Every structure is written in C-alpha cells, then in structure tokens.
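For reference, the structure discussed in these notes is given below.
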Amino acid sequence: MSTPSEKTVKELFETMEYGPAPESDANANAWLDSHERQFGAFIDNVWKAPAGLDTITVVNPARGQALAQIVDADEALVNEAVKAARNAFESWSQSSGHTRARYLYAIARCIQKHGRLFSVLESMDNGKPIRESRDIDITLVARHFYHHAGWAQLMATEMAGYQPVGVVGQVIPWNFPLLMLAWKIAPALAMGNTVVLKPAPYTPLTALLFAEIVAEAGLPPGVVNIVPGGDEAGAAIVAHPDIDKIAFTGSTNVGRILRKVTAGTGKKLSLELGGKSPYIVFEDADDDAAIEGLVDAIWFNQGQVCCAGSRLLVQENIAERFLEKLRVRMGKLRTGDSLDKSIDLGAVVDPVQYETIDRWVKIGVNEGASIFQPDIPMPENGCYYPPTLLTNVSPASTVVQEEIFGPVLVAMTFRTPAEAVQLANNTRYGLAASIWSENINLALEVAHKVKAGSVWVNCTNLFDGAAGFGGYRESGYGREGGKEGLMEYVRPDWQARPRPDLDRDALDVKAWSAATPALPSPIENSASKNGSPTIDRTAKLFIGGKQKRPDGNYNLPVHNPKGEVVGEVGDGNRKDIRDAVEAAHAAKGWADRTPHNRAQILYYIAENLAIREEEFAKRLRSMTGCSAKAAQNEVSLSIERLFTYAAWADKYGGSVQETTLAGLVVATHDYLGVIGIACPDEAPLLAFVSLVGPAIARGNTVIAIPSEVAPLAATDFYQILETSDLPGGVVNIVTGKRDHLTKTLAEHEDVDAMWYFGSAEGSYFVEQLSVSNLKRTWVNYGIARDWEDDQQGAGHEFLHHAIQVKNTWVPTGY
Amino acid sequence: MTVTEISHAIKRNPIMPLDMDIVLNTHVNPSATKRRAATLATRRSVKKNWQAAWLLKAITCIDLTTLAGDDTPGNVRRLAAKGRQPVRQDILEALGVADLGITVGAVCVYHTRIKDALEALEGTSIPVAAVSTGFPAGLSPFKQRIEEIYASVDAGAKEIDIVISREHVLQGNWQALYDEVCQMREACGESHMKTILATGELGPLWNVAMASKVCMMAGADFIKTSTGKESVNATLEVSLIMTRAIREHFERTGYKVGFKPAGGIRKAKEALAWLILIKEELGDAWLTPQLFRFGASSLLGDIERQLSHHVTGRYAAKHHMPMG
C-alpha cells in the first residue's frame, strides 16, 4: 500500500484527522509464498493439482493485485473428491459422537490459534474491512465449531432416531468465505457426514488455509475435501449420483437451478438464498441507535450480505428528520483498503459485482429515484462502491424488489404498524427483518407478523452458532445453526437414501399430469333390498368448509380391488384447486387461534371419528377389500394419530436459544402457510389423517388430495370436520386425478409447501415444479412408508415439515 | 477554519425555558447503545504521528484533578506545576511541538485549595476549577450549596463543577432539577459551570439522557458524567448518551455544550477511545478544551509514557517522568 506522506505531529494536532492504520499482511503473504501462490484441491488430506487443468487467478479487490493461482477443478477431480468422501464416510459415520466432538473442538481451537492469519487472508481475498473479518467473521467461525462440537457429543441422545445423510456436497459464496464454510462443515461433521466443499472462485484462500488446519487437527483423510473451481466443478458436485445432499448458499436464481437439477434424485437440498430485508423504524425508536444499526445493516461487508437490511421502512411522521440524520451519518463513513483498521467500507469483491451494483442503481435513478452519495474520499485504485441511499422509491420500483447486493439502501415510509407489516412482507424474499421501537408490545407483534427467518429487534445482523439462520419464501429453505440446522444433515434411522430409478430426461410433465376423461359406470348393487333404488350419494369436494360440486361437473368412479364400482367422487380440476387455495388463504386466522383451541378441535375431530368407527371401517373394507380387523385397526390408529397431533398442538412452539447475546433469542416454530398434500394410496384414511393432522395442528391450512384409488374415506371425513368446529377453509379436500391436481398445486405460486406421497415420477415433477416460488417440498420418491408404524407414520419428522423456524433476537438492558 | 478558530467562535450556552416535550420525547435503547460503545474503538485506530498528535490533544483537554481529604498546599502546587508542564521538554522537542505551549485544560481542586492552585498557575492561562455544591453527594443545605459557588467564584475559580440532586432525577422531578441548576448557573456568573450528573447513581440510561437535556436547558456550559466517587464512573455508553444529547441540543438551539467524562480514565488508549467517540458523534469542532475535558489524575502519566515511546521506540519507565 502506498504510504501517504507523513504529516507532522504539529499539523495533525490542529487537524485531528484520521490516518492510515494498516494491519500487516506479512504473515499472510508468507503463507501464500510457502505454497508458491499455487493451490490445488485438498482431497484425502493431500493437495492435488493434476497437470493440464485450468487455473483461476485470485485477486485482492482492494488493491487489484493477484494473490494466487488456484486449480479450476473439473469433473474428474470432483469425482475423486466424492470417492474420498465416500470411503471416509464408512468409518467417520461409525465413529462415536465423542470422537467427532474432539475433532470439531480441535478445529475450533486451531481457528482461534490462527485467528489473525485467517482474518488478514480473508480481508485480502474478499476486500472486507479487517475489523469485520477479525471481530465478526472469524470469531463466529470458531464459535460455530465449538457449538457443533457439542452437538456431536450429544447426537446419540439429542438426535436419537436419526442417522447421517452420507456424503454432502457444499457450494458456498464469496461474501463470507470462511464463515459460510463453517456453517456448512460444522453441522455436517457433527452429524457424521463427510463433505466435498467448493469455495467461490473469487475467494477460495481461507478455505484452503482451513484445509491445512484440518490436517493439523488430525482429521482422518477424506472427511473434509475442498475442491476449488467454477461452474464446471459446481455442476459436477450437484449432479454427482453418490452425493446424498446438497447445501448451497448463493443467489436465488442459482438456487432454482439446483432445485431443478436435483429434482427426483432423492438428494436432500438446503438453500440459503437472497433477500431484500426490511429495516423498520417506528416513531418511538431510539433514532441514533437505529442509524448506527443501519450502518451495520447495509454497509456491513459493503452490503454484500444476503440478510442486509436493504429496505428501510420509516414511519412517515419522523421520516424527514431520520433521513437527514442518515445522510449526515453517511458523510462520516470511511472507505479504504481492507487491511486498514479505520474504515467502515472496503472494496466490493470484483469489478463484475461493481458493474452489477451500478447497473441496479442506474435503473433506480432512471425510474425516478433520488440518489444520495456522501462526499467522502474514495480510494483511487481498487474496486470501491460508495455508500448509496435511494429515496423517492415505492414497492413498484425495481430497486425495491430486486436484491442489489451492494452498499445501496432504498427508503420508503409507512403510516401505521399494520402498513409497516404489509410493506415488509410485500416481497418474494423472507430472510431477515430488523425492527426498531422502544415499545415492546409493538416490536414483538411486528416480529411475530413479519415473514422472515431471522428477526432482530433493536439490533441487526447478529449471528450465532446456536441460532438457526435461513429463509422464508424464496430466500430458501433449511436452517444453519442451532438444533434446527442439524435436521438438514440427518435422515430418520429407518429411511435409506431414496435412489429413484428414473430416466428424468424421458419424463413428460404433460403425460404425467394428464386428466383422463371418466366415463359413466354403473354402481354395483345399486338396487336395494326392498326393490326401491338407493339414494345416490356422490361425494363432493370440500372447499372453504362447504361441500362443492366440482367445477367441471364430472365425477370419477371408485373401484374396489375386484373392479366393482363402490362409489363416486368429484373429478376436480385446476379451478377447484385454485378455489381451494383461495379458501385456504381466507382461513389463515387458524394460525392465530390459540394452540389450546387447535388441540381441542383435533380432539373433537377424533371424538367424532370414534362415534363413526364402524362406518369408516366398513368404508375402508368396501374400497380396499381389507380384512375387518385391518380396517378396524386403521380407524383406531387414525383416532390415535388425531390424539397425537392434538397433543402436539401446544407442545412444539420452539425454544430459547443460548447465544452470545445479552437478552433473549427465541426460536419460534412458525406455521408455513398453505400446504398442498397429495395423499398416498396405501392406508387411505390413516395416511390422510397422519398428514393433515400435523399440518393443521401447527396452524397451517391445507388442500388435501385424497388417495386416488380409495378417496371415499377422506370424503366421508369432511362430515366429521363439519361437525367438529373446524373453521371452513382450514382443510380443503379436492378429489380427482392425483397427479393432475398435484401439478396445479405444485406450481401454484401462493402455495407455501407441497407434500407428495405418490410415484417416483410425481416426486420428480413436484420438486421441479416447486421452483417458481421455491415452495418447500416433501416427497416420497415413490417409496411407500408403513403408516401404521409410529416411527414412520408420526412424530417429529412430520412436525418438522409442518413448520419453519423463526429466530427472534431481543436484546435486553437498562 | 481551523479547530482553534472554531473554538473562538463558541457562544456560551444560556439558560432557556424548560421544554418538557423535549425532555419526555426521549428514546434510548440501552443494549444498542452498549453495542455501539463497545465497537467504537474497534472501528477507528490512530497510529504513529496521528496517535502522538491525538495524545497531545488529550493532554490539553485534561482537568488535572486532586480531590482528596489529605490535599495540602504542597501537593496541589506540585500538581499545578505538572499541569503547566505536562510533558518532559525533550519529548516535546522531539515531537516538534515545543512551541505549541501544551498545558492541561485546567486544574481541578476543592474550594479550600483554589488559592494554592492559582498561585502555582500564575502567569499561565490555565483556569482553576473547583468542585462545588456539596460535592460529591450534593446533600448539604441548598442555600449553603449556592453560597459555596459564590465563594469559589470569589476565590478566583473560573470553572465550577457542580453536582445535581440525584433525587430529582430518580423521582422524575425535572422542574426541580431545572430550577436547581438554573440557580447554580446564576451563581456561577462569568465562571463556567460543569454540571456533574453522577450517572452511576441515576438508574437507567434514559434518565441520563433526560437529565442531560434538563441541565443544558438550565444553562450548563459542560455536562459531566461523574464525580469520580460513584462506584461506576465514566463509561463509553453513558458518554454516548450524553454526547448525543449535546448534539441534539446544538441542532435545536445552535449552542454548543461541552462534555467531560470523569473518573476511572487512566490509560492513553482509553483517552483515544473517548476522542474517537467525540469525533464520531459530535465532530471535530468539539475536539478542543473549550468543549471537551477529561476529569483525570493518573491519565497524564500514561500519556506521557506513550509519547516517550513514540519518540524513542522504547517503552518508558514511570520514574523517568516528572510526577505531579
């Protein structure tokens, strides 16, 4: 770095200005030199750089200087890494929790021991201020490994009933290179998985240093494999058949691609995507604190933060003064070299990112936004974007909707708390929110209503290994951190990795979801004993609490195994699904009912089913031809399941997280919203009850598609619902061609989750069609489960799929 | 405009009517304040010549203080002598600032020792500050407290460090606090009034903010954190609250009120943290003894050693520095 001409003490005594305060890069450079500034992949604890592979030049964006050459891994190298991870999995997954805890503890200690080297290297590689890498990134990395050493130790008891997933492929971004590595690797290792991780091509250096640390900690070869590279390496990881789970952090667009590519393969998937998080300031906020909070919300890491508080919502009556204060504060921000200890903003990661930011800002200005950039000194060389405020924008503005991923804040006003919530939730995303008010009643109510995975009350951008981080809506799914984060790295003991044998390219969504016309067919034994005909009883659809004739006005016969028609149900179509979804949305007040009330209603449903036990058993026999005993058993178990979820209605609210915050961090098990449920053909009553039960117990509203072959138990069931005080629209039942109806639900953009228990082909399409709004999916890949078994047919797995975790941070003090 | 020129333009903050709307419209979030305070000194760092200059500035802002029961003319004279010549001459010369006339901001004593201090400071422009109004508890009869101010002003104290009745703050009796401080300001006359809030005894942080506002409306020239005798003295979070109140007062009225953290500030590094706080929250205009003081006794010694280190590159011995 060029040293500015030294000013005299005398001059400085008058000006009292800040000067350069550089952190030394000597150790980091010495480390790079020790590798001759060339790096391969780290596989089986050995560096591998096959000859002939392309390399990527890693650049310090603050100075525009090349730092190192890294290998650009190809498919063959990825395959080698996966092979190493698979070999290591056998013994690693069998090692005791305590053994794994010792390794994770050793990694945590090594991170701390080399803390300064990691932070200097991170700032050189990424451009972020050394203050942030030193005090935030690397501190959190060590914390994450410590915390997860504990989960490894406790896995046998605290995660009883779950096993590791297998080999995990992890693809991480450039904004928090080592922290994202920690978020991925710590839980994976704790739960007994082995990993192949690809760092971002802009910022691979700390991951490579980490590889050395892993070896220093004595981790067995193959447990952690680091494969640097670009798109080819990423694609190879995602497509690799022997990888059991993909964990990704990055853009929403790439997230969609990953969902499509992995659809139908049986790979688990967690996505940590973009955001446009609201930063809400009420009239009674501590405005000075809220201004400082904004600095940490949108200018932290140059705004290249997925959960950046990038959408300022300020109450109209204080907006003018608040924005003026903000402009003054922006004038005090300092931009400079990432290793300067006196700066607020460093460089953005790459000229490409600079161009992206600039393009968005220009679009904003072209659409009429007023732009403010403070008159502060900017470095002449390097890749620096000034802190930017855009006002005169509205929800219709492009810059309000799109994630800019740079130091750019957009500001709007609101009139009332209700309007603040509406504006906050008027987005595709749902990663985080920050709420500023000195009124605890108001702040916590807004925290409750805002759709976001992390909610910070009177604070912002706080993280901890003990609190899950992850999104609602199109910000992705899965959590990282806390017990909730472990769920991404385990599967139930009884379940093997599904490996559907599908030729995915040959599948045709039209053929799969075709609506085959039904022809009239006589119902057997329709003439009664007394000579007069029986009264026709065609089941209807159940939408919004009312029995509805299907929109198309066609019906489908229901056959027993002998091929005899035993009844008819409505042949629902996409309009019926549309109506059912509208009804489910209208019934959302269900989530605000007290858990006690939801429990009571579930008990009441069970009670009413018990009264009609005989009738339901008879119906099951007539449809499925099962024995009287089996039918009786299915109804009894259905009653028991309803009791199970009545019980869970008020016992799964969440927990208090033990983070480093002075205050309260509460993990709330929030409802998902509207869930589509395609029920399996086996156990037509029990499976229906086992799926609808947990969904509504946790406050969701559902559209259930009953078993296509045996739907009558479900349609009989609406009479039970009608007499059990269940509000209309909480459970909607649409009968018909399961896959035809599933398609409409799976691609419906106002449906929050889709559960599908049908074919492998259907599972593929559900996962694929879910991308338009990135709805959560839960599919069976065509593998039936034993619904009578308490492990397979009930319990935490079901509850976990019925909720999303919201972590609310509430600092306290006086 | 240089800092010196700005400081010459300072208009004295007058008594103004008590505006309860402004007092009650106070929103302080203590945990966010603590977070900001905790990271202030991690976000800025001054090194090399910058650090030396900042430390010299800190010296000029010190109210060099002795407030002990065993103070005599002898130790007060010695302290005052140190205040006139706070840094060893060879160090000043090596720094190239021998001609700047660096002295401390004031010498601060009990009433009884004003005369001794004045004698020792003769020929300098260093003011003598006297703690007053029943310092430190402020619980002597009110009339007596006012008379104490008159007596100290008569004795030649150019600055009076008064203490407020904590009772008024704890009972939310802002009118009583306002009346009390107004009378004290009137008693001060031309001498400047530093208003000690004794923040360690005021309860939650928002009380500090409200008390700061009332005291500034009542004509305080400075607001000061502590007597140095409370169990908790100057902290960065309390200083944040007070400096933000000062900024708001300036934005509203155009008058600059000074700030004085006191008690427990012993290290050069801590002094830099406070200067950073002032620069960030109030701006360069406040980085002058007219608007910023440290109430401290042992701080100067540590700063002098740091300056010696800057000059020689060697860590300095305490006994190489002339004592005060």
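For clarity, every value in this text was computed on a predicted model and none was experimentally measured. Letters go in sequence order (proteins before strands), and every chain restarts at 1.
Look at A:D344 and B:R44 and you find a salt bridge, because one of the NZ, NE, NH1 or NH2 atoms lies within 4.0 Å of a carboxylate O, short of that distance. Salt bridge present: A:K10 and B:D99 bring a charged side-chain N and a carboxylate O closer than 4.0 Å. Look at B:R36 and A:D286 and you find no salt bridge, because none of the NZ, NE, NH1 or NH2 atoms lies under 4.0 Å from a carboxylate O.
Of the atoms belonging to A:R134, it is side-chain heavy atoms, and not backbone ones, that fall under 4.5 Å from chain B. Proximity to chain B (any heavy atom under 4.5 Å) is restricted, for A:I343, to the backbone atoms N, CA, C and O. Contacts of A:E283 with chain B are made by backbone atoms alone, with heavy-atom separations under 4.5 Å and no side-chain atom involved. Within the 4.5 angstrom heavy-atom criterion, no atom of A:E11 approaches chain B. Heavy atoms of A:D135 lying under 4.5 Å from chain B belong exclusively to its side chain.
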Item to check | Test side chain to side chain contact (heavy atoms under 4.5 Å, CB included) applied to B:W206 and A:Y814, step by step | outcome: CA-CA 8 Å; B:W206 47 85; A:Y814 54 75; 4.2 Å; yes
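Taking 4.5 Å as the limit, some side-chain heavy atom of B:R247 sits within range of a side-chain heavy atom of A:K325. Taking the side chain as every heavy atom from C-beta outward, B:R43 and A:S342 never approach each other to under 4.5 Å. Under the 4.5 Å side-chain criterion, counting only non-hydrogen atoms from C-beta, A:P811 is in contact with B:R35. The shortest distance between side-chain heavy atoms of A:L12 and B:W54 does not fall below 4.5 Å. With a 4.5 Å cut-off on side-chain heavy atoms, A:K7 and B:N49 do not count as touching.
Under a 3.5 Å cut-off, the side chain of B:H27 and the backbone N or O of A:A285 do not form any donor-acceptor pair. Side-chain atoms of B:K57 come within 3.5 Å of backbone N or O of A:F13 as a donor-acceptor pair.
The 12-atom threshold is exceeded at NZ of A:K332, counting heavy atoms of other residues, nucleotides or ligands nearer than 6.0 Å. With a 6.0 Å radius and a threshold of 12 heavy atoms from other residues, nucleotides or ligands, B:Q85 has its CD atom at or below the threshold. Counted within 6.0 Å of CD on B:E251, heavy atoms from surrounding residues, nucleotides or ligands total more than 12; the atom is thus considered enclosed. Annotation: B:L24, atom CG; neighbour count of heavy atoms from other residues, nucleotides and ligands within 6.0 Å is above 12. Annotation: A:E658, atom CD; neighbour count of heavy atoms from other residues, nucleotides and ligands within 6.0 Å does not exceed 12.
Taking the ring centre of A:Y18 as origin, the terminal cationic atom of B:K279 falls inside the region bounded by 6.0 Å and 45° from the ring axis.
Taking chain A as the reference chain and counting heavy-atom pairs below 4.5 Å, the highest number among B:V97, B:T42, B:L56, B:V46 is found for B:T42.
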